[in-house]
Participant: 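Let me give you the structure first, and then I'll get to my questions.
Order of the sequence lines sets the chain letters (A, B, ...), proteins ahead of strands, with each chain counted from 1.
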2 protein chains.
Amino acid sequence: MKAHADQVGGKVLKGDLQDLTKKGIPVSTNDLAEEISASAASVTDMIKKLNEKKYVDYQRYQGTLLTLEGGRLATKLVRRHRLWECFLVEKLGYGWEEVHELAEQLEHVQSEDLVDRLEEFLDFPRFDPHGDLIPDRTGRFTLRTQQPLSSMSIDDRAEVVGVAIHDSQFLKFLGDMNIEIGIQFKILEKFDYDGSMRIVIDGSQPTLISPVIAKNIHVKKI
Amino acid sequence: MKAHADQVGGKVLKGDLQDLTKKGIPVSTNDLAEEISASAASVTDMIKKLNEKKYVDYQRYQGTLLTLEGGRLATKLVRRHRLWECFLVEKLGYGWEEVHELAEQLEHVQSEDLVDRLEEFLDFPRFDPHGDLIPDRTGRFTLRTQQPLSSMSIDDRAEVVGVAIHDSQFLKFLGDMNIEIGIQFKILEKFDYDGSMRIVIDGSQPTLISPVIAKNIHVKKI
DNA sequence: TTAAATTTTTAGACAAGACTAAAAATAAAT
DNA sequence: ATTTATTTTTAGTCTTGTCTAAAAATTTAA
């Protein structure tokens, strides 16, 4: 039975991360054990493996610290977890209090791509149902003001700050609609069944934006 | 590490089911091993456990048969698998040929309720992306007379009763192959790796049908 | 109906994860 | 600064799933 290192210590990594946002402070074995409801002995074992794989810095009796690589991995797990939570709540109608356990299981599915598609399908949510930030695919916790137009809500006002596609046809198309960097507008409507939106650029006629276009226009809320 | 009996022998159960549609014929250990790509020894072990749990009837050297309970369990697994496949294709935009492996992972998630909600979210699909029937929550394979050609098995005889696509190009194409409502034929072969099939229309030459075409021709078994 | 071939099972080994109990290291307290 | 308490690790077991190689049963052929 082969078990991916990635998932073996998943719980440890996530627990670690949480306690370690304030970097530099090693987490004690006991705390970790407590957090993931396992025996301290098990945690020691796991950590020794993670240490060999260079996901944590560990010296016996001295506590554990995430390495850069470990942090990246932990972030991926958190991302997966939170996106699945979003899915369960938004699409399947679960209550935010009942999704943790399920998300924990779903998170075991090994596929970066799946998670990215899920994110897109969910329209790039920035927060999970508990209000926690969802890191983007590069691992950054969206401190960016920038987000796809498709993730905006009705009555939001936004300013175009960039595009995801640099293809000239796409840019020309935007030009035809008078959409360019710096333009400000407001979301009037959003159609659930396909995600297209109606927006109004200050002082012009309302325009309909297709979901594909909306996904590729980066805006910041204003 | 606790592992649910339900998932332990999942592969065996599903493999078993497939071979056992024509009930009563025991499946050989070797066939099973082949199907799930494991050693015969492993399969024997698994089967012994499933036998104790009363999911299969097994006597050494005599092959394996699903019990009623085992059939129910297998059906549940098939249901899960196919619904997840639908989700991946319809909602996340995967190709029908790339979803098997992912669905296999998703299917490990233990929650009846989740599957039921997923089914509802997907609007109660009747066939998975490969055209296979999805059992309903009571375990019944919906006995609709109409089904996609792709869901038929070797040696089945069928009559064309409709099409899923009404695009004129598609219909013309069917015409060229002498396929029209009322035509009767027999399935000669089915190729696992892409799902294409060879059929023979009564009194003509055998024809090869691509999986995409097969999915969009509705037939009834005769 | 034996002998040969094939299938299936058993026996024994390994790896991974998890646990308990006991030992070792560190931290706290008198 | 020792002793006591706490934390952490080690050692040793268990369980589950998997495999290979060898033995046993069944099938097929001569």
Participant: Taking for each residue the nucleotide of DNA chain C bearing the nearest heavy atom, is the 5' side occupied by A:Q62 or by A:V43?
Facilitator: A:V43

Participant: B:S39 has a side chain; which of D:dT20, D:dT26, C:dT20 sits nearest to it?
Facilitator: D:dT20

Participant: Whole-Å distance between C:dA25 P and A:Q59 CD?
Facilitator: 15 Å

Participant: In whole angstroms, how far is the P atom of C:dT8 from the CD1 atom of B:I47?
Facilitator: 10 Å

Participant: Using a 4.0 Å heavy-atom cut-off, does A:T29 contact any base of the nucleic acid, only the sugar-phosphate backbone, or nothing at all?
Facilitator: sugar-phosphate

Participant: When the distance from CG of B:L32 to P of C:dT9 is rounded to whole Å, what number comes out?
Facilitator: 10 Å

Participant: Could you check how far NZ of A:K53 sits from C1' of C:dG17, rounded to whole Å?
Facilitator: 12 Å

Participant: Which residue pairs pass the ring pair (Phe, Tyr, Trp, His ring centres under 6.0 Å) test when at least one of the two sits in residues 62-86 of chain A, sequence neighbours left out?
Facilitator: A:H81-A:H100, A:W84-A:F87

Participant: Does B:K91 qualify as a cation-pi partner of B:F121, given the criterion of NZ or CZ under 6.0 Å from the six-membered ring centre and within 45 degrees of its axis?
Facilitator: yes

Participant: I need the CG-P distance between B:D31 and C:dT7, as an integer number of Å.
Facilitator: 9 Å

Participant: Regarding B:D136 and B:T138, is there a side-chain donor-to-acceptor distance under 3.5 Å anywhere?
Facilitator: yes

Participant: Can you pull every protein N or O that's under 3.5 Å from an N or O on nucleotides 10-13 of chain C?
Facilitator:
residue	atom	partner	partner atom	Å
C:dT10	OP1	B:R60	NE	3.2
C:dT10	OP2	B:K48	NZ	2.8

Participant: Just the rounded figure in Å: distance from C1' of C:dT8 to CG of B:N51.
Facilitator: 15 Å

Participant: How many Å lie between CG on A:N30 and P on C:dT26, as a whole number?
Facilitator: 15 Å

Participant: So, A:T67 versus A:D57: side-chain donor-acceptor pair below 3.5 Å or not?
Facilitator: no

Participant: Between A:S28 and D:dT7, does any side-chain N or O lie under 4.0 Å from OP1 or OP2?
Facilitator: no

Participant: For A:M46 and C:dC19, give me the distance from atom CE to atom C1', rounded to whole Å.
Facilitator: 12 Å

Participant: Are B:R157 and B:F185 in a cation-pi contact, defined as NZ or CZ under 6.0 Å from the six-membered ring centre and within 45° of the axis?
Facilitator: no

Participant: Quick one: on DNA chain C, does A:Y61 or A:A38 contact a more 5' nucleotide (nearest heavy atom)?
Facilitator: A:A38

Participant: State whether the number of non-hydrogen atoms from other residues, nucleotides or ligands found under 6.0 Å of B:E34 atom CD is greater than 12.
Facilitator: no

Participant: Decide whether B:S111 and B:D113 meet the rule of one side-chain donor and one side-chain acceptor closer than 3.5 Å.
Facilitator: no

